[in-house]
Protein chains: 2
Amino acid sequence: MSDGLDTRYLESLPGYNTRRAALTIISRFMDRMAQYDLRPADFSVLSLIGHNPGITSRQLCSALNILPPNLVGLLKGIEKRQLISRSSHPTDGRAMRLALTAKGKALMQEAEATALESDLSAASALSPGEINTLIGLLQKIYLAPT
Amino acid sequence: MSDGLDTRYLESLPGYNTRRAALTIISRFMDRMAQYDLRPADFSVLSLIGHNPGITSRQLCSALNILPPNLVGLLKGIEKRQLISRSSHPTDGRAMRLALTAKGKALMQEAEATALESDLSAASALSPGEINTLIGLLQKIYLAPT
DNA sequence: TATTGTTATACTCTATAACTATA
DNA sequence: TATAGTTATAGAGTATAACAATA
């Protein structure tokens with residue numbers, strides 16, 4: 001740092017470093033995705049629906065750590081934009097099967113390419129090998145049994 | 001995952017993985033630090049004050065990416081708890097020098113040990129060498145020039 | 001004219017309780 | 001009795017505009 005502050009203790013904490021890096025990457029992500037009017041949660045929900053047609057709200061919530069009440073408004077918004085469709089579940093009358101519309105598929109094809117490009121450019125100080133190493137280490141943390 | 005969802009695209013994004021890991025570590029951090037009634041921002045502000053006695057609000061804001069209006073209430077809270085003191089700046093009448101009180105020092109000595117222990121246990125799926133590698137890669141990202 | 005610290009305020013994100021309809 | 005989806009609501013976290021005092 002050029003301000004001469006002692007930040008050594010904070011920089012020894014895995015959590016501090018992980019959060020700072022996440023904010024750096026996501027800040028760029030939000031700038032890049034504004035052109036599609038997609039915030040991070042919209043994007044991850046749409047991406048998961050796109051790769052898993054027929055997924056239910058509950059599955060989205062547990063996969064993405066979103067609380068059910070907070071998903072309601074999000075789904076309402078992307079449905080109103082005609083990016084997703086809901087159809088009744090064949091065996092469970094309570095659940096709804098979610099899928100991308102043609103419009104949603106077209107948007108996400110572009111958005112996913114932009115997102116990957118954004119994240120890779122945010123990590124461009126790292127070599128491709130280092131990025132793979134980083135992702136592997138991060139997954140060890142958040143996939144570890146509690 | 002045991003739910004059979006295809007999450008391969010999201011797991012290819014550095015930002016998604018970094019955010020998921022950060023939330024995992026910080027969730028544990030918040031649980032562990034509740035005994036001291038410290039939230040992440042309180043902790044990082046107090047830690048930086050402790051390691052940089054005489055630091056100003058503005059320096060805290062730029063080092064921690066906090067906006068000045070949002071620091072006001074935070075400082076008011078930890079000052080009311082008698083964890084910090086404010087003294088007038090010797091050369092700049094606008095600024096205030098911040099420092100930990102004896103009570104603040106005692107609290108932070110415990111809290112910093114607990115925080116490090118919490119973060120290391122959250123990353124216990126990694127070897128010490130892997131943790132060092134991870135921290136180095138993360139710093140390359142958030143310290144890189146924009 | 002620019003900067004430090006502040007107030008007021010708004011918007012987003014996240015969290016809890018309670019309801020309905022189905023299982 | 002438990003679960004999927006929903007409503008209402010409250011609390012954090014984060015953002016901008018504008019001000020007084022000082023540089």
Side-chain angles (χ1 to χ4, degrees), chain A residues 3 5 15-16 19-20 22-24 26-31 33-34 37-45 49 52 54-80 84-99, chain B residues 3 5 15 19-20 22-24 26-31 33-34 37-45 49 54-80 84-99:
Chain A
D3 49 11
L5 288 180
Y16 177 81
R19 179 158 188 274
R20 287 297 297 263
L23 291 175
T24 297
I26 290 165
S27 170
R28 178 186 300 243
F29 179 93
M30 291 193 294
D31 291 345
M33 304 304 285
D37 195 17
L38 294 179
R39 286 161 301 176
D42 300 313
F43 175 83
S44 56
V45 163
I49 294 174
N52 300 274
I55 192 174
T56 65
S57 293
R58 189 58 60 153
Q59 284 179 297
L60 280 172
C61 284
S62 63
L64 295 174
N65 251 320
I66 299 173
L67 293 170
N70 297 332
L71 186 62
V72 174
L74 195 161
L75 289 179
K76 208 173 287 182
I78 58 180
E79 186 183 28
K80 190 168 189 174
I84 61 163
S85 63
R86 308 193 204 207
S87 57
S88 58
H89 195 284
T91 65
D92 188 337
R94 298 166 302 180
M96 301 293 288
R97 291 166 51 87
L98 305 169
Chain B
D3 50 11
L5 288 180
R19 179 159 186 275
R20 287 297 297 265
L23 291 175
T24 297
I26 290 163
S27 169
R28 178 186 301 244
F29 178 93
M30 290 192 297
D31 289 346
M33 302 306 283
D37 195 15
L38 295 179
R39 285 161 301 174
D42 301 312
F43 175 83
S44 55
V45 164
I49 294 174
I55 192 174
T56 66
S57 293
R58 190 57 62 154
Q59 285 179 297
L60 280 172
C61 284
S62 62
L64 295 174
N65 251 318
I66 298 175
L67 292 170
N70 298 332
L71 187 63
V72 174
L74 194 161
L75 289 180
K76 206 171 291 181
I78 59 181
E79 187 183 27
K80 190 167 190 176
I84 61 164
S85 63
R86 308 193 205 209
S87 57
S88 58
H89 195 283
T91 65
D92 189 336
R94 300 166 299 180
M96 300 294 286
R97 293 166 50 87
L98 304 169

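Numbers restart at 1 for each chain; the letters A, B, ... are given by sequence-line order, proteins then strands.
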Colleague: Is A:Arg19 touching bases, backbone alone, or none of the nucleic acid, heavy atoms closer than 4.0 Å?
Modeller: sugar-phosphate
Colleague: Starting from C1' on D:dT3, measure out to CG on A:Leu60 and report it in whole angstrom.
Modeller: 16 Å
Colleague: Taking B:Arg39 first and then B:Asp42, would you say they form a salt bridge - that is, a charged N and a carboxylate O separated by under 4.0 Å?
Modeller: yes
Colleague: Looking at A:Arg39, does any N or O in its side chain come under 4.0 Å of the phosphate oxygens OP1/OP2 on C:dC13?
Modeller: yes
Colleague: Roughly, in whole Å, what's the span from CG in A:Leu98 to P in D:dA4?
Modeller: 13 Å
Colleague: Would you mind reporting whether A:Ser57 and A:Met96 have side-chain heavy atoms less than 4.5 Å apart?
Modeller: no
Colleague: What is the distance from atom CD1 of A:Ile55 to atom CZ of A:Arg97, rounded to the nearest 0.5 Å?
Modeller: 11.0 Å
Colleague: Hey, what do you get for CG (B:Leu64) to CD (B:Gln59), rounding to the nearest 0.5 Å?
Modeller: 11.0 Å
Colleague: Indicate yes or no: at least one non-hydrogen side-chain atom of A:Leu23 is less than 4.5 angstrom from one of B:Asn65.
Modeller: no
Colleague: Quick check: closest heavy atoms across A:Leu5 and B:Ala63, and the distance to 0.1 Å?
Modeller: CD1-CB, 3.8 Å
Colleague: If you assign each of A:Gly93 and A:Ala41 to its closest nucleotide in DNA chain C, which residue comes earlier from the 5' end?
Modeller: A:Ala41
Colleague: Hey, which of these two, A:Arg97 or A:Leu23, hits DNA chain D nearer its 5' end, going by closest nucleotide?
Modeller: A:Arg97
Colleague: Going by heavy atoms closer than 4.0 Å, what residues in residues 65-77 of chain B are next to DNA chain C?
Modeller: B:Pro68, B:Pro69, B:Val72, B:Lys76
Colleague: Identify, between A:Met30 and A:Ala95, the residue whose nearest nucleotide on DNA chain D lies closer to the 5' end.
Modeller: A:Ala95
Colleague: For the pair made of CE in A:Met96 and P in C:dT22, what is the distance, rounded to whole Å?
Modeller: 12 Å
Colleague: What is the distance from CZ of B:Phe43 to P of D:dG13, rounded to the nearest Å?
Modeller: 15 Å
Colleague: Side chain of B:Arg58, base of C:dT4: donor and acceptor closer than 3.5 Å?
Modeller: no
Colleague: Without decimals, in angstroms, what is the distance between A:Arg94 CZ and C:dC19 C1'?
Modeller: 15 Å
Colleague: Specify the separation, in whole Å, of atom CG of A:Leu38 and atom P of C:dC13.
Modeller: 12 Å
Colleague: Rounded to the nearest 0.5 Å, what's the gap from CG on A:Leu74 to CD1 on A:Ile66? Could you check?
Modeller: 6.0 Å
Colleague: CG of B:Asp92 versus P of C:dT3: gap in Å, rounded?
Modeller: 12 Å
Colleague: If you check every side-chain atom of B:Arg86, which of C:dT6, D:dG5, C:dT4 has the closest atom?
Modeller: C:dT6
